[in-house]
Amino acid sequence: MGSRIKNFVTGVLGALLLSTGAAQAEAKCRDDTVWLRGDWGSARFGVKVADDAEERARGLMFVEKMATGTGMFFVYQRPQVANFWMKNTLIPLDIIFADSRGVVQTVHPNAVPGDLTPIPGGSGIQYVLEINGGLAKSLGIVPGSVFQHPGIVQDTAAWACPTP
């Protein structure tokens, strides 16, 4: 019974994150929001952007609870080899790695809190989204999905923000 309730709640939460279409997402392209879309549909996450070395180093360390539909969006100056770890991280996270165009390359599910084992995202990674563990699988986020965010270089983005 417990797992059925958990699956139901996860499904309901996932449905709440899904948008009604790309036009809705494009109308709301803002710094505090990351959209994802793929064959599975689309979803919106309210995010804190980590775009300098200090913010990226701290990440979600010491966060005890994170609301569903929120996360942290890491923006690097250029594509690179990306490895994350869970030092001082208290909650399980899904870590979604994307290339310079915002195309998801790797999805690491349910990273273990406190684990110091490197989590490889691959080479050519420029953007990373951390969300609550299990959510990527629940929504169907897989490699090939794409991010939309104004921090992604817009003239090469796979899903660019609309021009005003």
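Legend: residues meeting salt bridge (Lys or Arg N to Asp or Glu O under 4.0 Å) with Lys137, ordered by chain and number and at least two apart, are absent.
In this structure, the separation between CG on Asp52 and CD on Gln77 is 9.5 Å, given to the nearest 0.5 Å.
A heavy-atom distance below 4.5 Å is not found between the side chains of Leu36 and Val146. In this structure the side chain of Ile152 reaches within 4.5 angstrom of the side chain of Tyr127, judged on heavy atoms. Put simply, the side chain of Gln148 does not reach to within 4.5 Å of the side chain of Arg37, judged on heavy atoms. In this structure, Met72 and Ile131 have side chains that are not in contact, with every pair of non-hydrogen atoms separated by 4.5 Å or more. Side-chain contact between Asp94 and Asn132 is absent, with no heavy-atom pair separated by less than 4.5 Å. You'll find the side chain of Leu93 reaches within 4.5 Å of the side chain of Leu60, heavy atoms only. Contact of the Pro120 side chain with the Thr106 side chain is not registered, since no non-hydrogen atoms from C-beta on lie closer than 4.5 Å. You'll find the side chain of Cys29 stays beyond 4.5 Å of the side chain of His149, heavy atoms only.
Placement of Phe84 and Ile141 in two distinct hydrophobic clusters is found when ILVMFWY residues are connected by side-chain heavy-atom separations under 4.5 Å, directly or transitively. With hydrophobic clusters built from ILVMFWY side chains whose heavy atoms lie under 4.5 angstrom apart, Ile96 does not share a cluster with Ile119. Taken together through direct or relayed side-chain contacts under 4.5 Å among Ile, Leu, Val, Met, Phe, Trp and Tyr, Val104 and Phe45 form part of one hydrophobic cluster. Val34 and Tyr76 are assigned to two separate hydrophobic clusters, defined by single-linkage of ILVMFWY side chains at heavy-atom distances under 4.5 Å. Side-chain heavy atoms closer than 4.5 Å link hydrophobic residues (I, L, V, M, F, W, Y) into clusters, and following such links, possibly through other members, connects Ile91 to Met86.
Closest approach of Ser100 to Gln126, counting heavy atoms only: CB-OE1, 3.1 Å. Of all non-hydrogen atoms in Pro150 and Asp31, the two that sit nearest each other are CG-OD1, 3.2 Å. Summarising the geometry of Lys87 relative to Met61, their closest heavy-atom pair is O-CG, 3.2 Å, with the distance given to 0.1 Å. The shortest heavy-atom contact between Asn110 and Pro92 is OD1-CB, 4.3 Å. Summarising the geometry of Val103 relative to Gly144, their closest heavy-atom pair is CG1-CA, 4.1 Å, with the distance given to 0.1 Å.
In this structure, Gln105 contributes its side chain and Gly121 its backbone to no donor-acceptor pair below 3.5 Å. Arg101 places a side-chain N or O within donor-acceptor distance of the main-chain N or O of Thr156, the cut-off being under 3.5 Å. Checking side-chain atoms of Arg56 against main-chain N and O of Val75 turns up a donor-acceptor pair under 3.5 Å.
Taking the six-membered ring wherever Trp is involved, the centroid distance between the rings of Phe73 and Phe147 falls below 6.0 Å. For an aromatic pair to be called close, the ring centres must be under 6.0 Å apart, and Phe97 with His108 fails this.
Side-chain contact annotation: Trp40 with Ser145, donor-acceptor N/O pair under 3.5 Å present.
Of the candidates Leu129, Val49, Val128, Ile125, Phe74 forms a side chain to side chain contact (heavy atoms under 4.5 Å, CB included) with just one, namely Val128.
Within a 6.0 Å radius of CG in Asp39, no more than 12 heavy atoms belonging to other residues, nucleotides or ligands are found.
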